[in-house]
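Structure first, commentary second.
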Amino acid sequence: MNNKSKIWMDGKFVDWNNAKIHILTHGLHYATTVFEGIRCYNTRNGPAIFRLEEHIKRLINSCKMYHMTLEYSDKELREAIIETVKINKIKDCYIRPICYYGYGKMGVNPLPNKVSTSIALWNWEDHIKTVGDNGMRVIISSWARIDSRSLPIHAKAAANYANSALARIEAIKSGLDEAIMLNMNGMVVEGTAENIFIVKNEMLITPPITSGALDGITRSSILSIAENLGINFRISDISPDELYNADEVFLAGTAAEIKSIGEIDKIIISDGKTGKIASKLQNHYNEIVHGNSKKFEDWLTYIN
Ligand code: PMP
């Protein structure tokens with residue numbers, strides 16, 4: 001990946017190609033790193049960051065779980081993110097703030113090391129590519145989703161993504177797009193970096209966060225939009241066979257946005273294309289993030 005944009009590193013803007021850290025950075029060796037994924041969309045009133053407050057709150061909570069003492073307040077982080085979008089004069093982008101234990105002392109204990117923070121951004125339009133209006137082709141991963149007895153799964157932490165990466169590799173090596181992960185009880189949790197929803201008999205269903213799913217900001221946005229549109233929804237566990245028999249299955253996340261699944265383990269879901277409810281939610285989500293909804297206007301932080 002190459003890019004001309006500037007990256008904020010501990011209070012200073014550096015050129016993309018100079019955004020470097022030491023090879024003995026603690027977070028690289030022991031995954032003592034947390035991060036966020038945020039999107040900024042162009043609107044009639046210029047670029048706007050979607051649900052910035054919620055992302056900052058989750059980042060702070062992730063840091064807390066890893067005993068990280070940040071050198072920046074919530075307000076300073078918020079301002080740094082806005083400034084990074086501003087200085088790069090970018091309209092649509094994906095923003096990646098990251099906090100990690102840095103270089104200093106090796107060994108499992110991260111605490112002697114300083115916690116560093118960076119904010120990078122890039123265009124990320126084709127997050128998961130599909131052909132035409134066909135849904136994604138996915139497998140149910142043979143890797144179980146990590147369990148809250150092993151790692152704090154509600155922290156958006158790098159450590160969790162080794163589990164996700166293995167599942168994604170499994171899907172890619174099978175010639176498919178993405179993997180769905182089950183928890184230790186065999187119930188559906190989420191995609192490798194997205195929450196999951198199904199529709200059955202006009203009822204929208206998503207697993208509870210106690211299943212092990214990340215408390216996704218897109219997930220919560222979808223539930224609010226569904227409520228606003230009068231779509232019936234329920235939060236309850238989903239078994240793998242309920243997935244295969246669903247009328248619609250889709251994934252939702254900041255990077256992926258709302259993406260339908262057309263095939264799971266070679267079983268075609270309905271006609272394999274984006275369903276009626278997913279399509280309705282996609283349209284509304286699109287309008288909201290681009291500043292065309294009065295009702296959800298307070299989800300946007302305008303840059304100018
Ligand atoms: N689950 C996992 C494992 C994720 O990595 C993500 C992406 N952050 C999500 C769900 C969706 O969360 P959000 O909508 O907040 O991006």
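As the structure is a prediction and not an experimental result, all values here were calculated from the model. Remember, it's 1-based here, ligands and their atoms both numbered in the order they're listed.
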So for N160 against ligand 1, with non-hydrogen atoms under 4.0 Å, the contacting part is neither

Heavy-atom gap R51 to ligand 1 smaller than 4.0 Å: no

Mind checking whether K156 has an N or O less than 3.5 Å away from an N or O of ligand 1? yes

protein heavy-atom neighbour closest to atom 12 (O) of ligand 1 works out as G216 CA, 3.5 Å

Quick look: R58 vs ligand 1, heavy-atom contacts under 4.0 Å, and the answer is side chain

- Message: Using salt bridge (Lys or Arg N to Asp or Glu O under 4.0 Å), reason through K75 and E79 one step at a time and then give a plain yes or no.
- Response: CA-CA 6 Å; K75 185 166 173 276; E79 280 166 5; 3.3 Å; yes

Ligand 1 atoms nearer than 4.0 angstrom to some heavy atom of R145 are 3 (C)

Closest to atom 11 (C) of ligand 1 among protein heavy atoms sits N195 OD1, 3.6 Å

inquiry  = Check this for me, if you would: do D10 and K114 make a salt bridge, where the nitrogen-to-carboxylate-oxygen distance has to be below 4.0 angstrom?
reply    = yes

*asked:* Please tell me whether T192 and E178 have a donor and an acceptor in their side chains that are separated by less than 3.5 angstrom.
replied: yes

Q) Please walk me through it: do F296 and F50 pass ring-ring contact (aromatic ring centres under 6.0 Å, His included)? A) CA-CA 10 Å; F296 295 106; F50 186 61; 9.2 Å; no

In ligand 1, the atoms that come under 4.0 Å of a heavy atom of T192 are 3 (C)

Would you please indicate yes or no on a ring centroid separation below 6.0 angstrom for Y66 and Y30?
-> no

Within-cut-off N or O pair, T254 and ligand 1, under 3.5 Å: yes

Classify the side-chain pair D247/S270 by whether it contains a donor and acceptor separated by less than 3.5 Å.
-> no

Contact check: E190 vs ligand 1, nitrogen or oxygen atoms, below 3.5 angstrom: yes

Check this for me - ligand 1, Y161, N or O atoms closer than 3.5 angstrom, yes or no? yes

Could you say whether the N/O atoms of R219 and ligand 1 ever approach to under 3.5 Å?
no

* To do: Could you tell me whether K200 atom NZ has more than 12 heavy atoms of other residues or ligands within 6.0 Å of it?
  => yes

Test salt bridge (Lys or Arg N to Asp or Glu O under 4.0 Å), reference E36, set R58, R78, R96, output is R58

Separation between CE (M68) and OH (Y101), nearest 0.5 Å, reads 5.5 Å

among protein heavy atoms, the one nearest atom 14 (O) of ligand 1 is T218 OG1, 2.5 Å

Of G212, A193, A256, G253, the residue with the heavy atom nearest atom 9 (C) of ligand 1 is A193

Side chain to side chain contact (heavy atoms under 4.5 Å, CB included) test vs M136 passes for just one of V249, I261, I269, namely I261

* So, N292 and R44: side-chain donor and acceptor under 3.5 Å apart, yes or no? -> yes

Short N or O distance, D215 and ligand 1, threshold 3.5 Å exclusive: no

* Asked: Do G191 and ligand 1 have an N or O pair less than 3.5 Å apart?
  -> no

With a 4.0 Å cut-off on heavy atoms, does E54 reach ligand 1?
no

